[in-house]
Amino acid sequence: MPTIFRIAVPVPLPRLFDYTPPRGGDDAPILPGSRVLVPFGRRQLVGCVVSSSPVSDVPAERLRPISRVLDSRPLLDGGDLRLLRWAAEYYHYPLGEVLAAAFPVLLRRARSAEEAVRRYGLTDAGRAQVPDELKRAPRQRQLLAWLQAQAGDVEEELLDSLEWDWRQVLRILCDKGWVAVRDCPLEQPAVVPGVSLHKPGPALNPEQDAAVAAVAAALGGFKAFLLEGVTGSGKTEVYLRLIQQALEQGRQVLALLPEIALTPQLEARFRERFAVPVGLFHSGLTETERLRVWLAAQRGALPILLGTRSAVFTPMPALGLILVDEEHDASFKAQDGFRLHARDVAVMRARLGGVPIVLGSATPSLETVHNARRGRYQRLQLSKRAGEALPPRVRLVDLRNQRLEAGLSPALRGAVAETLAQGEQALLFLNRRGYAPVLICHGCGWVARCRRCDANDVVHAKQQRLRCHHCGADQALPSVCPDCGSDDLRPLGQGTERVEQVLRSFYPGVGLARVDRDSIRHKGELERILDDVHNGKAQLLLGTQMLAKGHHFPNVTLVGVLDVDGGLFSVDFRAGERLAQLIVQVAGRAGRGDKPGTVLLQTHHPEHPLLHSLLREGYAGFARDALAERQAAGLPPFSHQALLRGEATERSAPQVFLQELAEWVRRETPEVFALGPAPAPRERLAGRYRWQLLLQSGNRAALHRLLEKLLRHAETLPAAAKLRWSVDVDPADLY
DNA sequence: AGCACGCCGACT
DNA sequence: GTCGGCGTGCTC
């Protein structure tokens, strides 16, 4: 009786495929979690064994044998597979693709883990060979000369920098005996028992002490915590103490951060405290580095893994604790393909793995606040700022009837001047890059719009370009109106580039640094600018959201937010939450050390209730009122959502398809509301038409049952073939 | 997603 | 007479 293996294959099909054992195979068992090479149609694909069974629903004559077993022992254990299966089910995404996403790219190839990184080196004969003797083989000559110029063995990744197909040529050099393959077994880091401290931490305040004690008591079982602490309240020290305890029990720790940019700071804190290896895992690494870290974690040989969203599935057999820092950050939610939310997956990982998880933030998401209130998460509060720093004063600046200069009110201009006069630094936020968001013709009213998107082009004055910030389309700035020929083209509104220009004329001789995606092109530039701020060369700092995260400016005593209103009156119900988080975050940038800070918020709506609760009672008061509004409106977290998106080059296809689905949903169940379909906020993007259908329900199980059924139903609709469509469970923004 | 097969327009 | 457009169907 042959065994049947159920295998997840990286194709967008929501099912597993059955295979028979490899032909002429030895008797070594093939266990779930092992990668295998399988024939799939005409191709050979790397799949992953999920389970085995004595029988198959597929007729025996259609079953094909596994071509090759790639892993003699599984790379994923039962717990890993359980989490991945849960994620595939919850996000309604094909298990094969979920599994593929859990492996680093180098393990999605048909090689064993030991061979995944292959090195090549010259033999003695190869070193002795004179390349120029290869007169009739220019490619061989070139490759040999290149190899001789390298210091030692080279990895495939380095050969790829040649940008031509070196594989064939290299094979010839190998056949001639000039080059040898050196599979380098990945170094196996020694398992570090326990923990050795480089240095002990500072004494804890009573709140930190209580937080550490609460989580430490939960080590060894599942429990979720919300660690709520303002900037500078010592969250990191709590993390360090908890890591220490987990390490002392011989367990591994997974710490997730929203962005690559934040990893070095935390990494440095970890390394100065613990004398154990700390692995980094994020998209900024090379594939070889990612593979090494992944395998070390998978072998239990990496005590601490610090990573971004993509690290959440990394196997860690001795996992004892999960930390999610800045848990409210939108970067944890993937915005394309497999749209997972790494924070939510991490909570499930902790639950399945029986370990505690700590979600840290000064401004927790309303979902998390809600969970804490319901008692699902235990709330731990850190309210004291370290070093006796005074909290900043936050004031509203009423913009109504004010004379604005480049979007700056007289009150803000005065405050900046005063701050500079006292030799202190000021920080201004404007969430719009470029010179001006609109170019309009004063002669006929023509407005520069993107040809492929429903969006205005943005003026970039310095480079004399018009750019679409949605699709990246880029063209020369016209000198006359393309419609009427008038030469009176006027930029409307403010971007950071224009505000920078105006600030330079207001404050001549003052060091000004602008930080946005246009001014920070290369890595290292941000660090240089931040250095200028720290050493005082830059007194005035202007930037987009890039500036809000993770940087400390001790001498900044004034923060101005130029335009707060966008967050108050958005179609997106989460805009207010994001605005409140931004305000609290930037307020945390001001007035550290001995100088109290001031935060000025420019608004046309100084009476807005959410601004008031935020100013009077802080983020907690805001969260209470915002949650009350969400509850009254039946919005998340008081209901659950899934968004169906459709896009096609043909205009009506997405609407027709989603309309059909909406009607089907309404017939199917009264428990799920279908809102729409409606055109996406930007219906046309990069030449494609986009519509969406929002599904909402007070009952999560009912929503998921319906989605399951909907996916099977949609497969049968002819209209489905005319567009690309996808499901987004728990959509973060409705775009 | 790939990758085939299949059935109708502009070229050697 | 062929090359090639992308519709539709399938992958254990």
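Sequence lines set the chain letters: A, B, ... in the order given, protein chains first and strands last, and positions in each chain run from 1.
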I need the [atom1]-[atom2] distance between [X] and [N], as an integer number of Å.
| X | N | atom1 | atom2 | value |
| --- | --- | --- | --- | --- |
| A:Asp18 | C:dT11 | CG | P | 13 Å |
| A:Arg23 | C:dC12 | CZ | C1' | 14 Å |
| A:Leu95 | C:dC12 | CG | P | 17 Å |
| A:Ile7 | C:dT11 | CD1 | C1' | 14 Å |
| A:Phe17 | B:dG2 | CZ | C1' | 13 Å |
| A:Glu97 | B:dA1 | CD | P | 8 Å |
| A:Arg724 | B:dG2 | CZ | P | 12 Å |
| A:Leu723 | B:dA1 | CG | P | 11 Å |

Original post:
Do A:Ser365 and A:Arg343 get their side chains close enough for a donor-acceptor pair, meaning under 3.5 Å?
Top reply: yes
Subject >> Test item: side-chain donor near acceptor, A:Ser652 and A:Glu650, under 3.5 Å >> reply: yes
Please work out if [X] contacts a base, only the sugar-phosphate, or nothing of the nucleic acid, heavy-atom cut-off 4.0 Å.
| X | result |
| --- | --- |
| A:Pro10 | nothing |
| A:Phe40 | base |
| A:Leu13 | base |
| A:Arg64 | sugar-phosphate |

Subject >> Geometric class of the A:Phe40/A:Phe17 ring pair [parallel <30°, tilted 30-60°, perpendicular >60°] >> reply: perpendicular
**OP:** If the plane angle is over 60° it's perpendicular, under 30° parallel, otherwise tilted; pick one for A:Phe338 and A:Tyr91.
**Re:** perpendicular
Would you tabulate the pairs of protein nitrogen or oxygen atoms and nucleotide nitrogen or oxygen atoms of nucleotides 5-10 of chain C closer than 3.5 angstrom?
none

Original post:
Do the side chain of A:Trp86 and the main chain of A:Val345 share a donor and acceptor less than 3.5 angstrom apart?
Top reply: no
Original post:
So, does A:Gln252 use its side chain to make a donor-acceptor pair with the main chain of A:Ala318 at under 3.5 Å?
Top reply: yes
Subject >> Presence of A:Arg42 side-chain N/O under 4.0 Å of B:dC3 phosphate oxygens OP1/OP2 >> reply: no
**OP:** Tell me whether the guanidinium CZ or amine NZ of A:Arg290 lies under 6.0 angstrom from the six-membered ring centre of A:Phe281 and within 45° of its axis.
**Re:** yes
